[in-house]
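Chain letters run A, B, ... following the sequence lines, proteins first and then strands; every chain starts at 1.
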Amino acid sequence: MQYNFNEIEAKWQKYWAENQTFKAENDSDKEKFYVLDMFPYPSGAGLHVGHPLGYIASDIYARYKRHKGFNVLHPQGYDSFGLPAEQYAIQTGQHPAVTTAANIKTYRRQLDQLGFSFDWSREVRTSSPDYYKWTQWIFIQIFNSWYNKETDKAEDIETLISKFSSDGNANVNAVCDDDIVSFSADEWNSFSDVKKQEILLQYRLTYLADTEVNWCPALGTVLANDEIVNGVSERGGHPVVRKKMTQWSMRISAYAQRLLDGLDKIDWPQPLKDSQTNWIGRSQGASVTFPILTFPKGEGTAPGYMTGGNNSHLLLDRAKEMRANPTAAESVLWESIKSKKLDYKFRQQHLIDDFIVDFVCLSKKLVIEVDGEIHETQKEADLKRTKVLNGLGYKVVRFKNEKVIGNIDGVLEEIKAHLEQQNIPPSGARGIEVFTTRPDTIFGVSFMTLAPEHELVSKITTAEQKAEVEAYIEATAKRSERDRMADVKTISGAFTGAYAEHPFTKEPIPIWIGDYVLAGYGTGAVMSVPCGDQRDYDFAKHFNIDIPNIFEGVDISEEAFADKDKTVIANSDFLNGLPYKKAMKLAIYELEKIGHGEGKINYRLRDAVFSRQRYWGEPFPVYYVDGMPQMISPEHLPIELPEVEKYLPTETGEPPLGNAEVWAWDTVANKVVDNNEINNATVWPLELNTMPGWAGSSQYFNRYMDPHNSEEIFSQKAINYWQDVDLYIGGSEHATGHLLYSRFWQKFMFDKGLVPKDEFAKKLINQGMITGTSAFVYRWNQNYIKKPIFISQDIIQKAINEKGFLDDYSKNLKQLIESLSSKPGGRNIVEASWKNFSPLHADVSLINASDELDIEGFKKWRDEFSDAEFITEEDGSFKVGREVEKMSKSKYNVVNPDAICEEYGADSLRLYEMFLGPLEQSKPWNTAGITGTHSFLKKLWRQFHTGENVSFLVTEDEPSKDSWKTLHKTIKKVEEDIENFSFNTSVSTFMICINELSSQKCVSRQVLEPLAILVSPYAPHIAEELWSKLGHAESIATATFPKFEEKYLVESSKEYPISFNGKMKFTLELSLDLSKDEIEAAVMANEKTQQQLAGRTPKKVIVVPGKIVNIVG
RNA sequence: GCCGAAGUGGUGGAAUUGGUAGACACGAUGGAUUCAAAAUCCAUUGCUCACAAGGCGUGCGGGUUCGAUUCCCGCCUUCGGUACCA
């Protein structure tokens, strides 16, 4: 009987599907094991041989675990929202759902044909409403949560609201926005509903914020950094501008430390952990405030007391006028405040931003307004004004004229109370806040550098420096991030003309701007210590800024000194003589004492923008009432993606959902209704953005546990049984995207008590990439024969190697050239050099295992070469050149698994993909090698078919000692290999095993039956077929994995390698019972030893029993 | 620049704790079988040398060791990631 793989594979794939062989039960006494693949995006191109690599590995592991008696969960699904489908929809008008469904069909067929043991009954698709219902649900949970630093976890927003209404926000320790204004319980309770919502949004774990995006007006869309080349869009080359946009953000920064800590308890590849660690970017240091000494416009040089906005010069005269003509009430209050009854300095009719406030205590950021009769119109203006002032960090208190005049003492008492409540660092006035990891070098600061985009720049720049600074800002804005990154050597910057004050020495420090400081990191400003930081050093050298040396015994005339370990501080007042760590601690202590700074841990990790201006993504369950976002109640989910005419942004620049006509929320009927019904009373507009690609993939692994549950995202019973993923396999390109966001969501779910584990995957493996082996044919660059000439690569190579002439290496070519009447260029033209050839990609399907081209096939494939001349080798073959490149359509090196399954079968392909090399490494694909694993399977088949006319034959005879040994050696190795994910070596082991069994002519059931189980995870179809031929009615899937027994491997003797000075010369078989001395004696007595020694006496003989003998001397 | 991974025959790769370098497979060469081809089987196959003996060999240069692909120091190359990160 022949090994008819096509028939066998189809038969068992059908059997598995019909019998639901791999369906996992949520109810089982067996121990659970969860093996997961990163689910694919179903692209239109289908699978190529690189895609299934990880799936094959995980499938082997899943099948192995079933043999080991585990209840295995091994699901698969589709990450089916995404850009390619949307772009295709824009081009063709086809609904993304339609093309996605078609692509999924292809994927499913291709996956099925590879014989994976997926439990398809649990399939999920992120674009299906049944699924994204729960993505929307999680979003609502996140919205309704805040991060309490006290308990170090996410809590329901209700607990925050109750804190606010009982104590205000002064004692709330939360992860929140930077510009929080403090309020009391009373104030909270008196706030309007909108105001409350506004404040809560500053605390929620997902919130609306204005985020800068790369906006391309021509395309009407937001672009990712890598879609921009040289400041214009990659597609079409349109200009791109930075634009603020209101978008949803996820407060992942709240979890920065826990995401970092969690890495210690998961078994993930170190490089992946490293990149997450770098991404989170924790650095420990101090935040330091440098007061600004001088402002360009204003009253003299009072340090930092000028709080006016950019229109100050216009308003100052008005302020002076008002000061000169106070109202009666203002007069009374001013006299009392001036007489210092309050211990705090107040200013009168003072400029803050573009407002003139009646009184202000700058150090406490308290504004006091004295009002007369208030008109309604004034009320609204005042509200606005208060909002702006609050935004700047001021608290505004209002008193009526009558009250001030009638009860000045009461008013003063109230003001006093407010002053005490205000918790502002004493420096109060504006300063530049910097973050530094080297507070120990604070006495080495000789200038400060702000990012050109820093908001203070326009405010502090002096008139003289204005032109220069503006020119510099404009120049840097033009440079793309890539330009700035690539060009590290050019040092540029500009002096603002302003000075800051050193917190300890009180010396003035010049403030510069420079593009080596990034607006997005830390505070966008640095204290520059040129002696200790190379970039600061280079900057200082370039602009001739002082470089004070604050290190003991270090020469800084050539470069900065950044070695923390060898640091001893000098010229630094109280830090003198201290090493780095001690100086750092003391510096922070002193800074805190004078209120100029504090120890701080800074993270690079930014909150994640969660809005996309796209169509093909999850809609938000959000509508807007008076501009404030409202969640739709979970029982009305899912909010399904609406139909649109076009998938492009609207003419007004709104996201594609702006084209939807039925996209409003009716709060009475609780359904999506026509936009015409919007009445801003019961029907409101819905959110137009959709969620990003990572939304659907951040919890899918948990949904697989209970995928059809329509009541809950998953039942507690299911999650408590499956717990977490035991083995997760996928590409390393997801290191900082999917894998970081998923961990964040999992920790959130953990905080909410929804999942039992705060890390979702115990072990993770990155499979390597499979690269393509491109094939090249070489066209001869000549123009005196009127048709293209291709020359076999071996001829060219040989001629070049021997520095000869081409026609000497091919009779055909010689004839061809001689047939020409004239030979312009003479002999030169046939001189061999690669320069004379153009390599052209040939489709790899036209190449055989010996790198020979199917010439006729090539002519058919490339019409324009149908009359081309092919100069072949003597034997008529035409050799191509080969090179490893990325697998890509344009390089014609993509290999489709369909054709391979057809020709060699899925089992051969599975084995071959594993055989290529270690799972984690990237490796080139070369179809030629598959004949190796294919002929192994044929040999395996033959081992079971040694009867008459190659019929099935297995006997009940006792196997030979050698066969037992072969079997158990294989069991041991295969088991170890699978546990270590070293699948390539176990394929070799199978080959060795079958080579041995065939020479032993072993046909014994006691050996062949366990062998079938061993092979089954790798080549499941052939294993099932052999298993059934062995007489089993049940699938092999859950057959018990054979048990390794040491006794079959016990040896009595060993072939010792005998080395002389470490070099092996010959081997000698000796009994393993011999002692060290006996071995030495036996070796020394051997004639070959004496021959090697040639009379010399060895200095030393090393004997390692069971291993080696080494003779020295 | 920094971080990470990797350099072994013509090719993919093996060598699990420092102990016989090149398992297994592809390719190549020669042979058997066949009318022929496919398929299958056998032999050879790191380099060097006419053969043998020998010598050289795991990116390069050192070191530790009886013994190094494996450990240490210094470099080079390729690939992947990235952030001028204060």
Tell me: CD1 of A:I770 to C1' of B:C79, nearest whole Å?
16 Å

Could you tell me which nucleotide pairs with [N] by Watson-Crick or G-U wobble geometry, both distances under 3.5 Å, or answer none if nothing does?
N	result
B:G80	B:C3
B:G22	none
B:G9	none
B:A52	none
B:U16	none
B:U58	none
B:U29	B:A43

Could you say whether A:Q270 or A:D536 is positioned toward the 5' end of RNA chain B, judged by the nucleotide with the nearest heavy atom to each?
A:Q270

Comparing A:N1061 and A:M527 on RNA chain B - which has the more 5′ nearest nucleotide:
A:N1061

Between A:D977 and A:T985, does any side-chain donor sit less than 3.5 Å from a side-chain acceptor?
yes

Does [X] make a side-chain N or O approach to OP1 or OP2 of [N] shorter than 4.0 Å?
X	N	value
A:R604	B:C85	no
A:K938	B:U40	yes
A:R535	B:G1	no

Counting heavy atoms not belonging to A:E558, are there more than 12 under 6.0 Å from its CD?
no

B:G63 glycosidic conformation (syn if within 90° of 0, otherwise anti) is anti

Picking from [options], which would you name as closest to the side chain of [X]?
X	options	value
A:S988	B:A86, B:G19, B:A23	B:A23
A:S935	B:A83, B:G19, B:C26	B:C26
A:F915	B:C84, B:A83, B:G12	B:G12

So that I can tick it off, tell me whether A:E1051 and A:K965 are bridged by a salt bridge, with the cut-off set at under 4.0 angstrom between side-chain N and carboxylate O.
yes

Donor/acceptor link under 3.5 angstrom from A:K973 side chain onto base of B:U16
yes

Under 4.0 angstrom, heavy atoms only, what part of the nucleic acid is [X] near: base, sugar-phosphate, or nothing?
X	value
A:P1057	base
A:D274	sugar-phosphate
A:N995	sugar-phosphate

